[in-house]
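Reminder, nothing fancy here: chain letters follow the sequence lines and each chain counts from 1.
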Amino acid sequence: MKRTGANILLESLREEGVDTIFGYPGGSVLPIYDAIFDSDIRHILTRHEQGAVHAADGYARASGRPGVCLATSGPGATNLVTGIANAYMDSVPIIALTGQVVTSQLGKDSFQEADIVGITLPITKHSYLVKNAKDLTKVVKEAFHIATTGRPGPVLIDIPRDVSAALVEPEEESPLNLPGYNLPDVPSKNRLEEAVRVIMASKRPVIYAGGGVVNSGAFMELQQFAEKIIAPVTMTLMGLSGFPGRHPLALGMLGMHGSKYANYAVCSCDLLIAVGVRFDDRVTGKLERFVPEAKVIHIDIDPAEIGKNVKVDIPLVGDVKNSLAELIKRLKAKPSGAWQDQVQNWKKEYPLTFEENEEGKLKPQFVIREIYRAGQDRARIVTDVGQHQMWSAHYYDYTRPRSFISSGGLGTMGFGLPAAIGVQVACPDELVFNIAGDGSIQMNIQELATAVNNNLPIKIAILNNGYLGMVRQWQELFYNHRYSQTELINPDFTKIAEAYGAVGMRIERQKDVAPALLEALAVKKPVVMDFLVEREENVMPMVPPGEPLDKMLG
Amino acid sequence: MKHTLSVMVENQPGVLARVAGLFSRRGFNIDSLAVGQTENPAVSRMTIVVEGDDRIVEQVTKQLHKLIDVIKVGDITAEKYVDRELVMVKVNADAGQRGEIMLIADIFRARVIDFGRRTLTLECTGDEGKITAFEESLRPYGIKEMVRTGKVAMLRGTRFTSVENSGLDQDVE
Ligand SMILES: Cc1ncc(C[n+]2csc(CCOP(=O)(O)OP(=O)(O)O)c2C)c(N)n1
Ligand SMILES: [Mg+2]
């Protein structure tokens, strides 16, 4: 039976288990929207395409299943670009569907034509321009396979309007044929044994764990591995929920805004076991001074990450979960010793703290602590980008994988609210918090409408300091207090919340925080909590840019 | 150091843009690039000469591998291989100079492929050194126009690069 390209597309998505599409209509996707009208796939209408792509991203990060977004050609497609780059940097599996002008108009600067495949070439894992509706079955199948396997990432499918409208006999399902796409399995036996020898011989091992742990579902394995060799574990921002924050071996985050004890441990180790990480400059500080004495074992699914920034002694290319399991099998338990005591001492000596009880002041760190207390292990925390993001990393102990969701590699302000929408859609019965800055929230504040319309009871906590705080902090420390264009004159966020049909609350005093949170959690609607916090609080400790990790301020 | 990479790619639209884009955005320098069909119509072969130390070339190779349309990447620099470039040169040639130029052409086993009133157009193939020497020899007469292809390369003897065998280039005997 003949079917339209749009119908074939939706059936193929169904085949892949897609239950939700985040999107925004327009001329070039009219045939697809017409098919959506009759489809049982849920469509969530955002208020901006950037909202749709971040929502798909949040959905994927929370659930581990690929997120799908849809936009029209031209401006719709280009509005996805930031979100695609964001997903690419953090290795998130999303499928971006875009409409395109009809094939006969391609390349002619037609109305609402943008070469989105070309524009997104450097920020997609792969992309397709579909020129024949018959190919849609195969393309969708390939796209999901590529997006979700190996190192995950965004895949874009660009579909001209005549292709989605065409009536064709769909192609029979055929097996995947991707000769250029090979997935590493587990590292070779020799490499594993070499790693075991080095681990057993090491005196001061540290595990440096990242997003790859979360992506490969290696939560249990990482814990077993660390416990077997009694190695302290420090996490990147992306890896934060990959290891229980309250575990005695947990060191919290390392790097520019890492804890002192994490950075000291890394600087003093004789063996760095890097697990699902990419040695980002925010993590390593000055590269030449990053673990110069230590041996480095690097486990990663992406061979191109091995040796990209740091020389690796033992590369273990493979899936993190399977590779750790192979190591655990071969390792003998190691005893605790002077090194472990040393690390515990650092933890006691240099805890993450802030001045709590200054007269009448509401400290942003205190608010995070209270959110932790109110939500306990149930909450999913989705942050924006800035100081509030770092405090969310410091003062909240993540105990479940995928419970901390944040834009790491790209650092995209405006990610939080739409991503929280995706998280709440993926986890309808869970408590979802968006911890936002007063700057960041205004980058996609229109998505309050999406949350309200879809009854998504997200709790939005704005740490309102009246500044682009993180930039202000740099200006304070490195530009002689010259606050150029970083002070914000803000609207009344509670009124904005109410105008959208959400609940608005303002909290100004420390003693009001806990009761307000209690009240907010009882409401089954989106709530915007405007916390007026201490304005010039800084994120500490901090490694100044270009310095080695042990040169920390604060 | 210069490395010669033999890259097998799927014959898909956009694959050249993917490869070229990768080099420019990661700051790798391409010395030359030649693309063309292979014995298999679904597969094209790119011969890419890239300048860089071993670490850079390792990154280039790994990043190329990540492109879905790239089937195979081989660094043949250290192998025994033959390579060729082709050049066409339009050179000033008055009646009095033609004899000399033809003599040079003969030495380089180049051919005259076009005859103008005051010019000769010559074609020459060879490895990079020979082509450069040929160019130098003609320069004194005044080169009006010159076009040179990128290098193409192939392993010697029974060894071959193909998408059928796995891993890098293998001996099949
Ligand atoms: C889209 C985007 N533009 C600019 C920046 C640069 N930037 C990083 S943090 C920051 C300030 C964020 O301010 P706010 O959301 O109020 O958070 P705060 O640091 O005050 O907690 C800015 C402007 C960015 N990360 N993303
Ligand atoms: Mg702020």
Please list every donor-acceptor pair closer than 3.5 Å that links chain A with chain B, giving the two atom names and the distance for each.
{"unit_1": "A:Ser127", "atom_1": "O", "unit_2": "B:Arg18", "atom_2": "NH2", "d": "3.0"}
{"unit_1": "A:Ser127", "atom_1": "OG", "unit_2": "B:Arg18", "atom_2": "NH1", "d": "3.3"}
{"unit_1": "A:Ser127", "atom_1": "OG", "unit_2": "B:Arg18", "atom_2": "NH2", "d": "3.2"}
{"unit_1": "A:Asp302", "atom_1": "OD2", "unit_2": "B:Lys66", "atom_2": "NZ", "d": "2.5"}
{"unit_1": "A:Pro303", "atom_1": "O", "unit_2": "B:Lys62", "atom_2": "NZ", "d": "3.0"}
{"unit_1": "A:Ala304", "atom_1": "O", "unit_2": "B:Gln59", "atom_2": "NE2", "d": "2.6"}
{"unit_1": "A:Ile306", "atom_1": "O", "unit_2": "B:Lys62", "atom_2": "NZ", "d": "3.0"}
{"unit_1": "A:Gly307", "atom_1": "O", "unit_2": "B:Arg55", "atom_2": "NH2", "d": "3.4"}
{"unit_1": "A:Lys308", "atom_1": "O", "unit_2": "B:Arg55", "atom_2": "NH2", "d": "2.9"}

Crowding at CE, B:Met146 (>12 non-hydrogen neighbours, <6.0 Å): yes
When A:Gly307, A:Pro303, A:Pro122 are compared by non-hydrogen pairs under 4.5 Å with chain B, the top option: A:Pro122
Pairs involving residues 91-108 of chain A, ordered by first then second residue, that meet salt bridge (Lys or Arg N to Asp or Glu O under 4.0 Å) (sequence neighbours left out): none
Interchain contact, B:Leu67 with chain A, by part (heavy-atom threshold 4.5 Å): backbone
Contacts of B:Phe134 that satisfy ring pair (Phe, Tyr, Trp, His ring centres under 6.0 Å) - sequence neighbours left out: B:Phe108
Heavy-atom contact with chain B under 4.5 Å, split by part of A:Ile306: both
Interatomic distance, B:Ile68 atom CD1 to A:Ile146 atom CD1 [nearest 0.5 angstrom]: 4.0 Å
Partners meeting side chain to side chain donor-acceptor pair (under 3.5 Å) with A:Lys321 (sequence neighbours left out): A:Glu221
